[in-house]
Amino acid sequence: MAEKDNKIYLTTPIYYVNSKPHIGHAYTTLAIDVLTRYYRILGKEVFFLTGTDEHGAKIAEAAQKAGKTPQEFCDEISGLFKTAWQNLNIDYSYFIRTTDKSHEEKVAEFLNVLKSNGYLYEGEYAGKYCVGCEKFVTDKDLVDGKCPDHKCEPQDVAEENWFFKLRQLLPKIKELIESDKLLILPEKAKSEVLGVIKQGLDDVSISRKSVSWGIKLPWEESQTVYVWIDALLNYWTVLQNLGKMEFWPVDLHLMGREILKFHCIMWPAILLAYYGDDAIDQLPKQAFCHGYFTIDGQKMSKTIGNIVDPNDLIKKYGTDATRYLLLTQFPFGGNDGDVSLSRLDEKYNSDLASGLGNLVARVVTLATKLKVQPVRIATQSVAGGSAKLKVKGSRLEQNILEAKNKYNFSLALENLKIDEALGAIWELIGACDKIIDTEKPWELANEKLKTKNEKVIKDLLVVLGEIAEMLKPFMPQTADKILEQIKTNKSEPLFPRLN
RNA sequence: CGCGGGGUAGAGAAGUGGUAUCUCAUAGGGCUCAUAACCCUAAGAUCGCAGGUUCAAUUCCUGCCCCCGCAACCA
């Protein structure tokens with residue numbers, strides 16, 4: 001990952017407020033939260049941006065249906081996102097709303113520059129317009145040539161709009177993607193974007209006459225800015241407004257595949273138009289595309305009504321367990337992962353209650369029963385391998401080393417292999433359980449044995465401390481609880497078993 | 001011929017041109033420090049179907065079948 005003087009800029013997409021937060025939003029946001037916490041532990045300055053996308057005809061419509069003004073509606077939904085992130089213990093640096101005045105002003109400023117740089121021109125947008133809907137519709141919207149909502153045939157209407165010279169910049173974008181200067185991962189996603197470019201794209205209309213809920217075009221106030229332009233610019237306007245351009249450019253945009261095109265084609269294009277077409281150092285370094293959740297084999301959708309609210313999971317499992325359960329549903333960047341609610345219970349019981357929770361309980365109890373002095377834990381051992389064990393050359397040490405060698409924790413995290421990084425931690429947990437079984441440190445037959453057992457337990461406490469350090473980015477509260485228990489030798493169940 | 005993803009033990013997933021791996025569930029044994037937890041062992045897969053290339057294919061090629069996304073709310 002590229003660095004600017006120890007600074008890193010990570011983003012989630014800004015979420016469209018026409019629906020409440022669900023576990024898909026939560027997944028993306030969590031992943032960035034984990035990376036943010038990890039890099040901060042390593043001593044980097046991280047700017048983590050998330051927020052909500054609030055303009056456009058769809059929002060105005062949804063607000064009307066809900067009997068609210070668009071602004072009221074946005075305030076409400078945006079608030080739900082904030083609450084959800086608070087419940088999930090998301091440590092973002094800033095939460096942008098595209099209805100923020102400061103954002104709107106910067107968007108106008110940006111577009112003025114695009115215009116004076118010669119990248120905008122007036123053109124005609126022709127299409128079918130439904131009077132009932134008060135918006136342009138496509139053939140796909142129609143049933144038997146009529147609008148399904150209003151049962152009327154749309155009229156052919158042409159609208160004067162402003163267009164962005166996207167085509168002119170496409171060869172440049174293509175080259176940047178092919179050469180990985182604009183890195184798109186995984187490879188599959190890169191091919192998909194290149195495929196879209198190869199098919200050819202037209203210049204895009206960046207303004208709308210027919211949409212009133214949006215940012216006014218600064219030089220022609222009868223038009224509003226196309227929502228996608230408005231939305232993409234958030235990554236830039238926030239740093240501008242906060243005076244934090246030292247974090248620019250973006251190191252990583254994380255997203256699901258459906259919005260990949262916008263982030264990998266249009267977004268770099270408008271940045272080149274603004275900064276000059278050789279300003280590749282202003283472009284995002286990496287776009288990473290992750291899989292989608294399906295619920296019991298089906299896509300989450302409002303129509304099916306199978307959307308899972310992260311708050312419900314938090315109520316049942318708690319914040320950290322929910323973080324863990326969501327992050328381990330599938331290999332990052334791989335295919336879609338299926339979530340079945342019963343499997344979440346299983347995973348909670350096996351990994352968290354029987355795995356992590358039980359291990360902490362048995363080690364801390366052993367320490368208490370054998371009156372082992374609390375151990376001082378060296379912090380900052382995130383990368384693993386730094387703990388010093390008492391019993392040199394022991395089976396414990398060997399098992400721990402083996403467990404550590406199986407996965408490279410840091411490398412996994414830096415490559416966004418979140419499931420693998422967690423796998424590294426669970427290898428350690430397994431190694432500890434095995435060693436307790438073979439060493440039987442609860443036996444107190446004689447003094448010699450007692451001394452040996454004390455050493456074993458101290459070592460286990462040290463490894464437990466390491467596990468806690470590694471857990472910090474994923475389950476911050478749990479990590480602190482474990483460290484507290486090690487320090488005080490007071491055992492308290494971390495994850496009560498579900499029945 | 002729209003485009004794309006996928007079909008591997010009961011469930012969920014890895015994986016590779018040459019003894020098929022992991023997690024959960026199941027069975028037997030062990031242990032008793034621990035959240036009926038932990039440890040060991042076992043059973044369980046003709047790797048979707050049919051052809052082909054090869055000394056050798058689950059892995060490469062061809063055809064077929066089935067599931068699921070992309071066009072409509074939606075990361």
Side-chain angles (χ1 to χ4, degrees), chain A residues 12-16 18-32 50 53 58 61-62 65 137-143 148 188-189 191-192 195-196 199 254-261 289-294 297-307 326 328-331 334-340 342-343 345-370 406 419-420 423 426-427 429-430 432-444 453 456-457 460 491-499:
Chain A
T12 72
I14 50 175
Y15 305 113
Y16 208 44
N18 63 347
S19 83
K20 294 196 299 184
H22 54 64
I23 55 173
H25 302 115
Y27 182 70
T28 314
T29 311
L30 259 175
I32 293 292
T50 190
D53 179 11
K58 281 177 191 166
E61 260 174 57
K65 272 186 195 162
V137 293
T138 62
D139 288 337
K140 289 160 194 158
D141 295 325
L142 303 176
V143 178
K188 253 190 325 203
S191 326
E192 204 178 314
V196 172
Q199 278 174 27
L254 181 65
M255 70 199 81
R257 71 174 82 88
E258 71 179 8
I259 57 173
L260 196 64
K261 282 186 284 191
C289 178
H290 61 67
Y292 276 7
F293 280 106
T294 55
Q298 284 185 304
K299 191 176 178 184
M300 263 198 294
S301 82
K302 276 189 193 170
T303 334
I304 300 171
N306 61 350
I307 288 178
L326 288 180
T328 51
Q329 280 313 299
F330 43 88
N335 304 310
D336 293 355
D338 193 50
V339 178
S340 89
S342 63
R343 211 143 29 82
D345 279 7
E346 273 173 23
K347 207 158 172 56
Y348 174 92
N349 274 340
S350 62
D351 292 5
L352 297 176
S354 307
L356 177 61
N358 184 55
L359 176 69
V360 173
R362 61 196 305 212
V363 172
V364 172
T365 308
L366 277 170
T368 312
K369 290 199 172 163
L370 273 78
K406 191 156 174 187
D419 52 309
E420 266 186 34
W426 260 257
E427 278 296 320
I429 291 172
C432 288
D433 271 329
K434 278 188 185 64
I435 217 65
I436 295 176
D437 240 68
T438 40
E439 294 293 330
K440 306 188 197 317
W442 54 85
E443 288 178 341
L444 289 164
N453 285 341
V456 170
I457 291 167
L460 285 167
S491 178
E492 230 176 275
L494 293 171
F495 302 102
R497 171 162 275 267
L498 298 170
N499 291 309

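Lettering of chains follows the sequences in order, A, B, ..., and the numbering in each one begins at 1.
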Taking the [atom1] atom in each of [N] and [M], what is the distance between them to the nearest angstrom?
N	M	atom1	result
B:U46	B:U32	C1'	44 Å
B:G6	B:U19	P	25 Å
B:A71	B:A11	P	31 Å
B:U8	B:G44	C1'	13 Å
B:A75	B:A36	P	41 Å
B:U16	B:C60	P	10 Å
B:G63	B:U21	P	32 Å
B:A50	B:A57	P	14 Å

Side chain to side chain, [X] and [Y], heavy atoms closer than 4.5 Å:
X	Y	answer
A:Leu366	A:Ile436	yes
A:Trp426	A:Leu356	yes
A:His25	A:Ser19	yes
A:Thr28	A:Met255	no
A:Asp433	A:Arg362	yes
A:Ile32	A:Thr50	no

Distance from [X] atom [atom1] to [Y] atom [atom2], nearest 0.5 Å?
X	Y	atom1	atom2	answer
A:Asn349	A:Asp351	CG	CG	10.0 Å
A:Cys432	A:Leu359	SG	CG	5.0 Å
A:Arg497	A:Leu352	CZ	CG	11.0 Å

* **Pairwise 5' ranking along RNA chain B for A:Asp351 and A:Ile23, keeping only the more 5' one** =>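 With A:Asp351 and A:Ile23 compared, the 5'-side residue is A:Asp351.
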* If you find the nucleotide of RNA chain B closest to A:Lys347 and the one closest to A:Met255, which residue's nucleotide is nearer the 5' end? ->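 Looking at the nearest nucleotide for each, A:Lys347 comes out on the 5' side.
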Atom [atom1] of [X] and atom [atom2] of [N]: how far apart are they, to the nearest Å?
X	N	atom1	atom2	value
A:Tyr27	B:A75	OH	C1'	11 Å
A:Asp53	B:C73	CG	P	14 Å
A:Glu439	B:U32	CD	C1'	17 Å
A:Tyr348	B:G12	OH	P	24 Å
A:Glu420	B:C22	CD	P	16 Å
A:Lys369	B:C33	NZ	P	6 Å
A:Asp419	B:A13	CG	P	13 Å
A:Glu346	B:G10	CD	C1'	11 Å

* Asked: How would you label the contact of A:Gly24 with the nucleic acid (heavy atoms, under 4.0 Å): base, sugar-phosphate, or nothing?
  ->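 Base contact.
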* Asked: Should A:Lys440 be listed as having a side-chain N or O under 4.0 Å from OP1 or OP2 of B:C31?
  ->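 For A:Lys440, the contact criterion (side-chain N or O under 4.0 Å from OP1 or OP2 of B:C31) is not met.
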* Looking only at non-hydrogen atoms, find the nearest pair between A:Ala31 and A:Leu254 and report the distance. =>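 Heavy-atom minimum between the residues: CB-CD2, 3.6 Å.
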* Asked: Can you name the closest pair of heavy atoms from A:Thr12 and A:Thr29 and give their distance?
  ->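 Of all heavy-atom pairs spanning A:Thr12 and A:Thr29, the closest is CG2-CA, 3.8 Å.
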* Nearest of B:A75, B:C73, B:C31 to any side-chain atom of A:Thr28? ->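 The answer is B:A75, which lies nearest to the side chain.
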* What string of B, S and - do you get for nucleotides 35-43 of chain B, 5' to 3', when a contact is any protein heavy atom under 4.0 Å? -> B-SBSS---
* Structure fact -> Here RNA chain B, pairs taken as Watson-Crick or G-U under 3.5 Å and shown with ( ), [ ] when crossing and | when to another strand, reads .((((((..((((.......)))).(((((.......))))).....(((((.......))))))))))).....
